[in-house]
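As structure tokens, the structure follows; a few thoughts come after it.
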Amino acid sequence: MVVGNLRPATVTVDLAAIRHNVSEEIARLDGHTEMFAVVKADGYGHGAVPVAQACAEAGATGFCVALLDEALELRAAHFTQPILVLGITPANEAAIAAANDVSLTFGTLDWLKDAQADLAAHAHRNLKVHIALDTGMGRIGFREEDDLAAAAQYLTAHADSFTTEGVFTHFATADEKDTTYFHAQAKRFNELVAVLPKRPRYVHVSNSATSLWHAACNGNMIRFGVAIYGLNPSGRGIPEVPYPLQPALSLTSELTFVKQLHQGDAVSYGATYHASGDEWIGTIPLGYADGWLRRLQGFHVLVNGALCEIVGRVCMDQFMVRLPNKVPVGTKVTLVGSDQGTTISMQDVADYSRTIHYELCCILTQRLPRRYI
Ligand code: PLP
């Protein structure tokens with residue numbers, strides 16, 4: 001992928017905001033609880049390596065990723081902290097993980113047996129593993145006591161191959177006001193953990209929402225994700241957070257073309273927008289190929305602190321806005337962030353495009369350069 005370094009369109013990531021969000025949360029943890037920073041999906045689109053560095057500086061003691069490749073990226077960048085892959089890695093990659101001191105997640109006895117075969121084929125390396133428990137997320141993990149007990153027995157019998165480093169679950173509704181399902185999952189977690197002969201080094205259940213709103217369940221490690229980036233995991237669902245989260249990401253560009261249209265003149269594919277009189281229209285050089293969604297037609301951006309409507313369809317690499325008056329080419333445009341006291345948040349963009357801010361951060365493509373401040 002070519003990075004558009006010469007185009008005036010940039011994602012700016014405020015690492016001080018990330019350090020603030022991490023250290024505020026760590027200050028709330030009891031002294032026995034560690035924070036692993038979740039930096040999967042390239043740090044939710046913010047850049048895994050710089051984000052991991054900022055989190056470590058602010059006190060995070062480990063990292064969570066989704067893919068073994070993402071763990072290897074951190075090792076290549078010389079991070080020595082524990083790294084846990086949260087998803088299921090193919091068992092025949094166990095030796096690669098062990099060789100790089102990466103901890104893997106599993107949720108079946110068969111996976112352990114296959115991983116054992118791979119480790120045996122590679123000079124019996126020892127792999128750190130975390131046991132996933134499916135307490136109601138319905139995604140990965142043991143659901144039944146018997147299956148879990150058999151796996152625990154296998155781990156004991158193969159202690160030369162496996163170090164049981166952790167046990168965890170993931171909540172489906174920690175970001176919701178109704179806590180009924182959350183508490184049912186927590187209860188099931190405790191029932192399943194009781195099957196294990198001893199508690200592993202890390203017992204962890206908390207994503208951002210759990211740690212922010214149900215800290216009593218934290219175990220002794222939290223997997224802190226979206227709140228690192230200054231985003232409320234509940235969207236607008238639970239606005240009260242224990243400290244002000246500072247959004248780290250802003251997206252800015254410049255006007256590359258400005259023209260006057262007259263009544264009835266059309267804008268963009270499908271000619272869906274017509275000027276209702278004399279109007280100044282500005283063109284901005286990014287589009288859905290950058291992750292600025294086509295359905296954002298009718299939303300707005302900030303030009304000189306003023307909200308300007310997106311008119312006509314968003315194209316692959318450009319879109320148009322209606323300006324309040326003639327504005328010079330090169331004027332700064334803020335798509336996400338603040339300008340002169342007015343803010344467009346990721347949540348605003350998410351609301352308009354009927355999705356969640358998690359998704360919007362992740363789909364800002366690599367064509368947009370990331371700048372760190
Ligand atoms: N733990 C697991 C297993 C996850 O899948 C995720 C993210 O999807 C997280 C923790 C972090 O969640 P959040 O970003 O909501 O804090």
Side-chain angles (χ1 to χ4, degrees), residues 17-18 21-22 24-26 28-29 33-46 48 51-52 55 58 60-68 70-71 82-89 102-107 129-142 165-176 182 185-186 189 192 202-215 217-238 241-243 245-249 346-347 350 355-363:
I18 288 183
N21 299 326
V22 168
E24 286 284 332
E25 187 61 16
I26 288 177
R28 297 176 64 243
L29 300 177
T33 304
E34 296 179 38
M35 177 192 286
F36 279 22
V38 183
V39 296
K40 63 193 173 114
D42 200 27
Y44 293 40
H46 294 63
V51 167
C55 292
T61 52
F63 303 107
C64 296
V65 293
L67 316 180
L68 180 53
E70 293 172 342
I83 303 174
L84 169 62
V85 180
L86 295 168
I88 302 292
T89 305
V102 172
S103 308
L104 296 187
T105 291
F106 76 98
V129 288
H130 289 229
I131 307 169
L133 302 181
D134 182 2
T135 59
M137 178 70 182
R139 193 163 64 176
I140 57 170
F142 291 95
E165 187 183 50
V167 60
F168 74 100
T169 196
H170 192 53
F171 290 114
T173 62
D175 58 338
E176 293 180 11
F182 175 87
Q185 277 197 259
F189 181 70
L192 286 170
Y202 295 112
V203 178
H204 50 107
V205 301
S206 295
N207 56 0
S208 299
T210 309
S211 193
L212 288 170
W213 294 303
H214 308 277
C217 292
N218 271 350
N220 60 7
M221 183 263 268
I222 65 167
R223 309 182 303 266
F224 207 55
V226 80
I228 285 174
Y229 308 97
L231 301 172
N232 180 328
S234 189
R236 298 197 197 277
I238 308 178
V241 282
Y243 50 92
L245 291 168
Q246 291 181 6
L249 186 148
M346 268 294 181
Q347 185 60 46
T355 184
I356 54 174
H357 49 51
Y358 288 79
E359 185 179 17
L360 294 177
C361 293
C362 292
I363 62 170

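Just follow the structure's listing: the first ligand is 1, and inside any ligand the first atom is 1.
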Ignoring hydrogens, what is the shortest heavy-atom contact between [X] and [Y]? Give both atom names and the distance.
| X | Y | answer |
| --- | --- | --- |
| Leu29 | Ser211 | CD2-OG, 4.0 Å |
| Arg139 | Asp134 | N-OD2, 3.7 Å |
| Met137 | Gln185 | N-NE2, 3.6 Å |
| Ala17 | Ala248 | CB-CA, 4.1 Å |
| Leu212 | Ala227 | CD1-CB, 4.3 Å |

Starting from [atom], locate the nearest protein heavy atom and write down its residue, its atom name and how far away it is, to 0.1 Å.
| atom | answer |
| --- | --- |
| atom 16 (O) of ligand 1 | Ser208 OG, 2.5 Å |
| atom 7 (C) of ligand 1 | Lys40 NZ, 3.1 Å |
| atom 10 (C) of ligand 1 | Arg223 NE, 3.5 Å |
| atom 3 (C) of ligand 1 | His170 ND1, 3.5 Å |
| atom 14 (O) of ligand 1 | Tyr44 OH, 2.6 Å |
| atom 12 (O) of ligand 1 | Asn207 CB, 3.4 Å |

Exercise for review: List the steps and the verdict of side chain to side chain contact (heavy atoms under 4.5 Å, CB included) for Leu84 and Glu165.
Suggested key: CA-CA 10 Å; Leu84 169 62; Glu165 187 183 50; 5.8 Å; no

Review point. Going by the order shown, which atoms of ligand 1 are within less than 4.0 Å of some heavy atom of Tyr358?
Key: 13 (P), 14 (O), 15 (O)

Exercise for review: State the atoms of ligand 1, each with its element, that fall below the 4.0 Å cut-off from a heavy-atom position in Gly225.
Suggested key: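 Counting atoms of ligand 1 from 1, those under 4.0 Å from Gly225 are 13 (P), 14 (O), 16 (O).
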
Check your understanding: Purely on distance, is any nitrogen or oxygen of Val226 under 3.5 Å from one on ligand 1?
Key ->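 It does: an N or O of Val226 is found under 3.5 Å from an N or O of ligand 1.
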
Check your understanding: Less than 3.5 Å between some nitrogen or oxygen of Phe224 and one of ligand 1, yes or no?
Key -> no

Exercise for review: With side chain to side chain contact (heavy atoms under 4.5 Å, CB included) as the test, would you mind laying out the steps for His130 and Tyr202 before giving the verdict?
Suggested key: CA-CA 8 Å; His130 289 229; Tyr202 295 112; 4.2 Å; yes

**Study point:** Proximity of Arg139 to ligand 1 by residue part, where a heavy atom lies under 4.0 Å
**Key:**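 The part of Arg139 near ligand 1 is the side chain, not the backbone.
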
Revision key, fill the gap. At under 4.0 Å between heavy atoms, what of Pro233 touches ligand 1? The answer is neither

Check your understanding: Is the Phe224 to Tyr229 ring centre distance short of 6.0 Å?
Key ->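 No, they do not, as the ring centres are separated by 6.0 Å or more.
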
